[in-house]
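In what follows, a structure is listed as structure tokens, so that the remarks can point back to it.
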There are 2 protein chains.
Amino acid sequence: MKFISLFYIMGGRTIPNRKLVYSMTSKKEIMAYLKQEILSLELKPGAMISETALSERFQLSRTPIRDVLKQLSLEQYVDIYPKKGNLVSFIDLESVEQIIYLRNVLEKEIMKSLAGNIPLKGLHELRDNLAQQQKCIEQAEGAEVFLQLDDQFHRTMFGLAGREFLWGVLQQFNVHYIRYRKLHMLKDEKLAAIRQEHQQLLDYIVQGDTAGIDELLHHHLRADIDSKNLQEHFATYIKK
Amino acid sequence: MKFISLFYIMGGRTIPNRKLVYSMTSKKEIMAYLKQEILSLELKPGAMISETALSERFQLSRTPIRDVLKQLSLEQYVDIYPKKGNLVSFIDLESVEQIIYLRNVLEKEIMKSLAGNIPLKGLHELRDNLAQQQKCIEQAEGAEVFLQLDDQFHRTMFGLAGREFLWGVLQQFNVHYIRYRKLHMLKDEKLAAIRQEHQQLLDYIVQGDTAGIDELLHHHLRADIDSKNLQEHFATYIKK
DNA sequence: GAATCCTATCTTGTATACAAGATTGTGCCA
DNA sequence: TGGCACAATCTTGTATACAAGATAGGATTC
């Protein structure tokens, strides 16, 4: 039997350390491109994405395009209806609610684990971030920028607690949540309230006040997604 | 412009209610088959899965086989090394630890939400399950059966709290965890301890004793995965 | 004998032709 | 006018040939 040593080497873990790449670059580029278009709502929920159209647009055969679409469908960016077509997925409010809940539950526990023993470097990073949030609000830089800072704030927390992996898990179910957030378009006074809450949480963490954290995050668990507003204004984007 | 009405109908949500099927049956069957083989460790971590071999075995062309492998790789059953081959993934202990943590955090919150107001029907179901667990231990039916009951127990909890969605999320990251559990092969006395704990938890829930739940589940958050034992006996299965 | 190049042959990646389901619109008929 | 059958044409699904990277093993060289 030939090629036994390839097998052995792989089994012997020479290769597993190498970086996993699913293709050259173009497929990854197309993927990123489509994701961006879907998340930004340039590609509207329900819009059709045909394989042939994409293959002409990117000058590639249908085969690699199909690979991309398949992956997008597994990450819920796209719904595949066999022999009918591929549609940009509708925003699923159920998913949004569940992911917000998951996020809050995790965060509560993570913050409690950091309470009282947060590393100095991390503390600086978080305070820096809060300062930027403040600046963002004062100078009215818009919700987009604020949300990015917000994400970074939470992600840092996950990292400090050694739970970056779980942040990654959350990201994989974010399609619906991100688009929901974009449509929601928070008002300025709400941004200020969020920043204030972040500040309070960080204070509790520094003081090691786990009870305070519990108290403050408790009402978050009943994620009150503003579905009525969305149902009215963006009915065609929402999954029924 | 033609075919505008297909688009409209889809956008008009006639079709989204239909069940999503990625293919006829054969692809799904192959998928399930491979998953089972990988989870049961018949296909050992590091083993090579060639497209041509599968296509001969299942009498299908490489194209649908590739679809299956692609999906398996996204669910971490398989690692694809471009132009080299597809390997059954090695067990990633880091994933195992993170998933156990996630599971415990979620469960703690879910049980607390059920405390004091668990529906009667659900209570019966859980008690039934505990009785079966007891029977399983007494008659030494083996860890396999017990673990299945264990899963069912927790899943029921998720369902009662309206969090079946999140149970699904957990399942998607289970490849490493399930295989880890299989290798671990719990001893009988440990099974009894687990059952005892379940019983205690259910009692707390009925009594509405959230503090008790907190207390009992607290130490679970420091998931002590028994990696030393595994590293010794199954080194070739573990991701380095 | 050791290192290096080269070729055979394995692997997956891509392009393309054809199969087959789904939808539309037309033409027939009542 | 309404309803039905049917054909045209869109879609994705599958098979297959070929391209190209990766490895192994042997011939050549020193």
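Letters A, B, ... mirror the listed sequences (proteins, then strands); counts begin at 1.
- With sequence neighbours left out, B:E56 forms a salt bridge (Lys or Arg N to Asp or Glu O under 4.0 Å) with no residue at all.
- In this view, B:E164 and B:R155 satisfy the salt bridge (Lys or Arg N to Asp or Glu O under 4.0 Å) rule, not counting sequence neighbours.
- Going from atom CD of B:E56 over to atom C1' of C:dC10 covers 13 Å, rounded to whole Å.
- Every side-chain hydrogen bond (donor to acceptor under 3.5 Å, both in side chains) that A:Q76 has, sequence neighbours left out, goes to A:H176.
- Taking the side-chain hydrogen bond (donor to acceptor under 3.5 Å, both in side chains) definition, one finds that A:D128 meets it with nothing, sequence neighbours left out.
- Here the CE atom belonging to B:M157 is positioned 7.5 Å from the NE2 atom belonging to B:H154, to the nearest 0.5 angstrom.
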Nucleotides 16-19 of chain D: which of its N/O atoms have a protein N/O under 3.5 Å away?
residue	atom	partner	partner atom	Å
D:dT16	O4	B:T63	OG1	3.4

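- Between the CG atom of B:L69 and the C1' atom of D:dT14 there is a distance of 16 Å, given to the nearest Å.
- Whole-Å rounding puts the B:I80 CD1 to D:dA22 C1' distance at 17 Å.
- B:N86 has no side-chain polar atom (N or O) that falls below the 4.0 Å cut-off from OP1 or OP2 of C:dT11.
- For B:K44, there are no salt bridge (Lys or Arg N to Asp or Glu O under 4.0 Å) partners, not counting sequence neighbours.
- In this structure, the CD atom of A:Q59 is 13 Å from the C1' atom of C:dA15, given to the nearest Å.
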